[in-house]
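Data first, discussion second: the structure below is written as C-alpha cells.
The figures that follow rest on heavy atoms only: side chains count, while hydrogens, waters and symmetry mates do not. In what follows, chains carry the letters A, B, and so on, assigned in the order in which the sequence lines appear, proteins first and then strands, with residues in each chain numbered from 1.
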Amino acid sequence: MSELITTDVLVIGAGLAGERAAISAAAEGNDVVILSLVPPRRSHSCAAQGGMQAALGNCNKGAGDSEELHWLDTVKGSDWGCDQEVARIFADTAPVAMREMAHHGVPWTRVKGGPADYFIKGKKVTLEEPHENEGLIMHRDFGGVSRWRTCYTADGTGHTVLYSMDNMVVELGISVHDRMEAISLIHDGERCHGAVVRCLRTGALKSYLAKATVIATGGFGRVYKYSTNAIICQGTGQSIAIDTGLVPLGNMEAVQFHPTGIVPTDILVTEGCRGDGGLLLDVDEYRFMPDYEPEKQELASRDVVSRRMTEHIKKGKGVPSPDGEHLWLDLRHLGEDHLRTKLREVYDICMYFLGVNPITELVPVRPTQHYSMGGIRVNKDGHAYSLKGLWSVGESACWDMHGMNRLGGNSLAETVVAGMFCGQRMGQWASAQPLDINKALADEALAVQQDRINSLLSGGLGNANENVDELLNSAQETLQSKVGIFRKGDELKEAVDDLRDIYRRTANIKMRTTFKGANPELASAIRLPGMVKLALCVAKGALLRTESRGGHSREDYPERNDRDWLKRTLARWPAGADEPEISYEPVGLLESPPGQRGYGGAENIAMEQSVEEYNATVKKEWIKQGWHETSTPLGEELKEMVEYASTKES
Amino acid sequence: MARELTFRIFRYDPLDPESKPCFVDYKLEETPRLNLFVALHRIREKQAPDLQFDFVCRAGVCGSCGMMINGRPTLACRTLTAELPELITLAPMPAFKLIGDLSVDTGTWFRGMSERVESWIHTQKEFDPNAEEERMDNETAQKIYELERCIECGCCVAGCATANVREDFLGATALNRIGRFMLDPRDERDSEEWFEIVATDEGVFGCMGLMGCDDVCPKELPLLEVFAYMRRRMSQVAAGKAKADSGTSLPVIN
C-alpha cells in the first residue's frame with residue numbers, strides 16, 4: 001500500500017521562495033507541508049552572495065532612491081520584456097521584505113556614518129555616509145541600476161536570509177520533508193490536487209494531496225553543460241508542470257549568462273565584486289569595458305557585459321588556458337581587508353578552487369549560464385495558467401518581473417517578495433477551497449509512476465540501449481554550443497533537431513543498476529526526459545524569436561523588434577508529442593513604453609501600435625492562454641495607466 | 001606522469017539485507033586541479049553507478065558534502081586530490097544516521113538541533129511593515145554574521161569525541177548557534193533562559209575540551225572563543241544563582 005498524505009498547501013522546494021510562500025500560507029490558517037530534494041538550508045538560495053535589491057536609499061549613493069526608480073531600472077533591465085505590473089508589485093514590496101527579514105534576524109551590513117572609501121568606475125573616492133542613517137541597512141552598487149540599492153550581508157546574503165527564513169519555518173512548526181522529489185502532478189485536467197512524490201532515501205512513492213500545490217524548485221541551469229547553478233537545479237518543477245500538457249512555460253529562451261563564472265569549475269563570484277569596484281581586464285591586462293560601455297562600464301546589465309566580454313574574446317583578446325579562453329577579474333586594488341570581510345566567500349572560492357589569491361592575483365572568469373528568466377507561467381498572484389490550484393514562485397516561475405534579462409540582486413529579492421505576495425494570495429485562495437480527497441485519482445497517478453520505475457529497474461525502457469549520463473551530456477553540450485550568448489538561426493535549427501532526437505532516445509534508456517532505494521542512476525533516469533524537454537523549449541523558443549532582446553541575442557536578427565516581438569513565448573507539451581507547441585501572448589500592460597536602456601547600444605524597430613492599442617489586447621489574449629482572474633483587477637498596481645479603461649470590456 | 005589514485009570507499013546500503021559494510025577500491029587517473037566532487041562523479045559515471053554521496057552547491061557553501069577523508073571530516077567539494085596521498089580513504093561521517101555509502105542524514109539532525117535550541121529570534125515585538133528597520137551598529141552585525149556563517153555541514157559533530165559517544169550532546173554547531181543569538185540584541189532571551197539550555201552536561205559543560213570541532217571547521221568559525229564566551233557567561237549566571245540560593249558570593253569571571 002502506498003502512503004497518502006493530505007494537507008492544505010503543498011510546497012515543492014524549500015529555498016527562499018518556497019519557504020516564504022509556506023509562511024504566508026500558514027499565516028492564512030493553512031496546514032502546510034514543504035518537500036525538498038535536500039535539507040532546506042542546502043537549497044541553492046544559500047549560494048547567492050551579492051545581495052537583494054530594495055529601494056531603501058539609506059547610503060550616500062542611494063540617496064533619492066525610490067520604488068519608482070527601482071521599477072524603471074527593472075523594466076529597462078528586462079528590455080521591456082517584463083510584466084510591468086509585476087515589476088511594480090516587486091519594487092513596491094521589496095523594502096518591506098528586507099525590513100521583515102531584518103526583524104527576523106538577518107545580520108544585514110549596516111550604514112556607518114562618516115567618510116568611507118570606495119572604488120567607483122576605476123577610481124578611489126571618499127564619500128560621506130549620512131550620520132542620520134547610522135545603523136540602517138547598507139547598500140552596494142550592482143549592474144544596471146541608477147542608485148546603490150543592493151542590501152547585503154558581506155557576500156553571504158543568500159545564506160543569512162535562508163537561515164533566518166528556515167528559522168521562521170522551524171519556529172512555526174511547518175513540516176519539511178527532505179530528500180523527497182515530486183515526480184508528477186496529480187490533476188484532473190482542470191484542477192491540480194497535489195503530487196506523486198518519490199522518497200530519495202528509500203525509493204518509496206507517496207501521494208500528497210493538497211488544495212494548493214506550489215512549485216518553488218528554482219532554475220534549470222543544469223540543462224547547460226557549464227552552469228554556476230547547484231547540481232540540483234535540474235528543472236524538476238518545470239518538468240512536472242509541462243508534463244501535464246496543460247501548463248505553459250514562459251520565455252524559456254531567456255537564459256542569463258553571468259559575466260563572472262570562474263575558470264575552470266564555473267563557480268560564481270558575485271556581481272558585488274564589480275559593484276564594489278572590481279574591474280574586467282583582457283589578455284594585455286587592459287581594462288576594456290569603458291570602450292564598449294562608456295557610461296555603465298563594468299556595471300551594465302549582465303546580458304550586455306557578457307556579450308561585450310564574448311565580443312572581446314572573439315577579437316583575440318581572451319586569455320588562453322587549457323580550460324578555454326577567459327578574461328580577468330581584478331580585485332587586487334580593493335585590498336586585503338575588503339576581500340577578507342565583504343568579499344570573504346569570493347576570497348575562499350578563489351583560494352580553494354583555483355589556488356588564486358585575489359589580494360595579489362587576477363581571477364580567471366568568463367560568462368557562464370546562471371539564471372532562468374523563463375519558467376512556469378503564472379498570473380500576478382502566482383497562479384499557473386490553465387490549471388487551477390497550481391502555483392509557482394521564485395526562479396521556477398515566469399511571474400515575469402525579469403522579462404528577457406534580470407538585474408543582479410533582483411532574483412534573490414524576488415524570492416522573498418513573491419513568497420510574501422503570491423504566498424498570501426495562494427493561502428487566501430486555499431483557505432476558501434474544500435479539500436477534495438480524490439484517492440482514485442491519486443492512485444492512478446501513482447500507478448503511472450510506479451510502472452515507469454518498474455520498467456526502468458527491470459532493465460530499461462523500449463530497446464534499452466541508451467545510457468542516461470551520455471544522453472544528458474549530449475543534451476547539455478547541444479545547448480551549450482548552439483544556444484549560448486550569441487545565437488544564429490542555422491545553429492538553433494540544428495539544436496532543435498538534435499534535441500528532438502535525444503528526446504526520442506530517452507524512450508530507450510538502459511539501466512545499469514536495479515535497486516529501488518537511494519539509487520542515483522534511477523533518480524537521473526527519472527529526471528532525464530524532463531530535462532531534455534526543457535532544453536527543447538529553450539532551443540525552439542530561441543529559434544522562433546527572430547529578434548534580439550535582453551539575454552536572447554540573435555546574430556541574424558540584431559535589432560530589438562517592438563513591432564513584432566513585444567511578446568512572451570509560451571511552450572506547452574501535448575501528450576505524445578516530441579517537441580513543444582509554441583504560442584505567444586503580450587508581455588503585459590505597458591506603463592513605460594519601450595525605449596532606450598542607456599547601455600548595450602542596440603538598434604530598435606519601433607512599435608507600430610499605440611500603447612493604448614497594445615494594452616487593449618492584453619487581457620483578451622491572456623485569457624485565451626489560460627490566464628486566471630486575479631484577486632485584484634489587472635493593472636491595479638500600475639501607477640499611471642494610460643487609458644486602461646479601454647481594456648475593461650474584454 | 002599523472003598519478004593513479006586509489007579511492008578506498010565505504011560501501012553499505014542499510015536498506016538491502018544482503019549488503020555488508022565494506023571498503024571497495026576504485027582507481028582513477030589524476031587530472032590537473034582534480035577535486036573530490038569531480039572525482040566521485042567520474043567514479044559514479046564509469047565504475048559505480050549506484051554509489052551514494054551528496055553534493056549540492058559544489059562551491060563550499062551549502063554544507064552537503066561533509067565526509068571522512070583519510071580520517072578527517074571535511075568538505076569533499078573543495079578538497080583537491082593534489083593535497084592527498086595516492087590512497088584516499090572515504091567514509092561517511094559518524095554521529096549521523098547513515099543513508100548509504102557516503103551519504104548521511106544531516107537534515108534530520110540539524111532540524112532537531114534548531115528545534116532544541118529554539119534557533120530563532122525570540123521577541124515580543126511585532127513586525128511593523130510601515131516602520132523603519134530597527135537600527136543596529138555595523139560592528140554588532142558583523143559579529144553576528146561571523147557566527148552565522150556556519151553551514152551545518154556537520155564536520156564539527158563528526159570530529160567531536162563527546163558527540164560520538166553521547167547522542168544528546170548539543171555539539172559545537174549548536175553552541176555556536178546559541179552564541180549567535182546571545183550576541184543578537186534583537187533576541188530577548190536572558191542569561192537565565194540560556195542557562196537552562198547551555199549550562200548542562202548536554203551543553204557547554206559536556207565538552208571534554210579536545211576542541212576537534214575547532215580543528216576541522218571548514219568555515220574557520222571561532223569555536224574556541226564561542227566556548228570560552230559561553231562558559232564565562234554561564235559561570236557568571238551560576239555565580240548569580242548561587243548568590244541568590246545561599247547568600248554567599250562566588251567570584252565572577254570577566
Checking A/L56 against B/E132 for the side-chain contact (heavy atoms from CB on, under 4.5 Å) test, could you report, in this order, the C-alpha distance in whole Å, the side-chain angles of both residues, the deciding distance, and whether it holds? CA-CA 9 Å; A/L56 294 166; B/E132 195 176 83; over 6 Å; no

Go through it in stages, so that I can follow the logic: the residues are A/N167 and B/S119, the test is side chain to side chain donor-acceptor pair (under 3.5 Å), and I'd like the CA-CA distance, side-chain angles, deciding distance and then a yes or no. CA-CA 6 Å; A/N167 285 340; B/S119 167; 2.9 Å; yes

With side-chain contact (heavy atoms from CB on, under 4.5 Å) as the test, would you mind laying out the steps for B/F110 and A/R41 before giving the verdict? CA-CA 10 Å; B/F110 276 99; A/R41 296 177 188 212; over 6 Å; no

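For chain B, the option among A/M138, A/E134, A/Q49, A/M98 with the highest count of heavy-atom pairs below 4.5 Å is A/E134. In terms of non-hydrogen atom pairs under 4.5 Å with chain B, the most contact-rich of A/L200, A/L136, A/V96 is A/L136. Interface summary for chain B: among A/H104, A/H159, A/H44, A/K112, the most heavy-atom pairs under 4.5 angstrom belong to A/H159. Each of B/E146, B/E152, B/R44 has some count of heavy-atom pairs under 4.5 Å with chain A, and the biggest count is that of B/E152. Chain A forms more heavy-atom pairs under 4.5 Å with one residue of B/Q142, B/Q52, B/R149 than with any other, namely B/R149. Between chain B and the options A/I137, A/N133, A/V38, the largest number of non-hydrogen pairs under 4.5 Å is found for A/I137. Chain A forms more heavy-atom pairs under 4.5 Å with one residue of B/G63, B/G100, B/C77 than with any other, namely B/G63. In terms of non-hydrogen atom pairs under 4.5 Å with chain A, the most contact-rich of B/G60, B/A59, B/S103, B/A141 is B/A59. In terms of non-hydrogen atom pairs under 4.5 Å with chain B, the most contact-rich of A/V169, A/I231, A/N519, A/D178 is A/I231. Interface remark: of the candidates A/E521, A/R344, A/M511, A/R344 forms the most heavy-atom pairs closer than 4.5 Å to chain B. No other option in B/D13, B/I144, B/D50 has as many heavy-atom pairs under 4.5 Å with chain A as B/D50. When the candidates B/I121, B/V56, B/I99 are compared by the number of heavy-atom contacts under 4.5 Å with chain A, B/V56 comes out ahead.
A/T513 touches chain B through its side chain: at least one heavy atom from C-beta onward sits under 4.5 Å away, while N, CA, C and O do not. Proximity to chain B is absent for every atom of A/T514, based on heavy atoms less than 4.5 angstrom apart. Proximity to chain B involves both the backbone and the side chain of A/T202, based on heavy atoms less than 4.5 angstrom apart. With a 4.5 Å cut-off on non-hydrogen atoms, B/I151 touches chain A through its backbone and its side chain both. Using a 4.5 Å cut-off between heavy atoms, A/E345 touches chain B through its side chain atoms alone. Heavy atoms of A/N58 lying under 4.5 Å from chain B belong exclusively to its side chain. Only the backbone of B/E134 comes within less than 4.5 Å of a heavy atom in chain A; its side chain stays farther off. For chain A, the nearby part of B/R33 is the side chain; its heavy atoms alone come within less than 4.5 Å. Using a 4.5 Å cut-off between heavy atoms, B/R180 contacts chain A through its side chain alone, with no backbone atom that close.
In this structure, A/F353 CZ and B/F37 CZ are separated by 9.5 Å, a value rounded to the nearest 0.5 Å.
Taking a cutoff of 4.0 Å between a charged side-chain nitrogen and a carboxylate oxygen, A/K516 and B/D16 do not qualify as a salt bridge.
Without hydrogens or angle criteria, A/R110 side chain to B/D137 main chain gives no donor-acceptor distance under 3.5 Å.
More than 12 heavy atoms of other shown residues, nucleotides or ligands fall within 6.0 angstrom of atom CZ in B/F55. No more than 12 heavy atoms of other residues, nucleotides or ligands sit less than 6.0 Å from atom CD of B/E126. Enclosure of atom CD in B/E167 is not indicated, since only 12 or fewer non-hydrogen atoms of other residues, nucleotides or ligands lie within 6.0 angstrom.
Among all heavy-atom pairs drawn from B/E148 and A/P107, the shortest one is OE2-CD, 4.2 Å.
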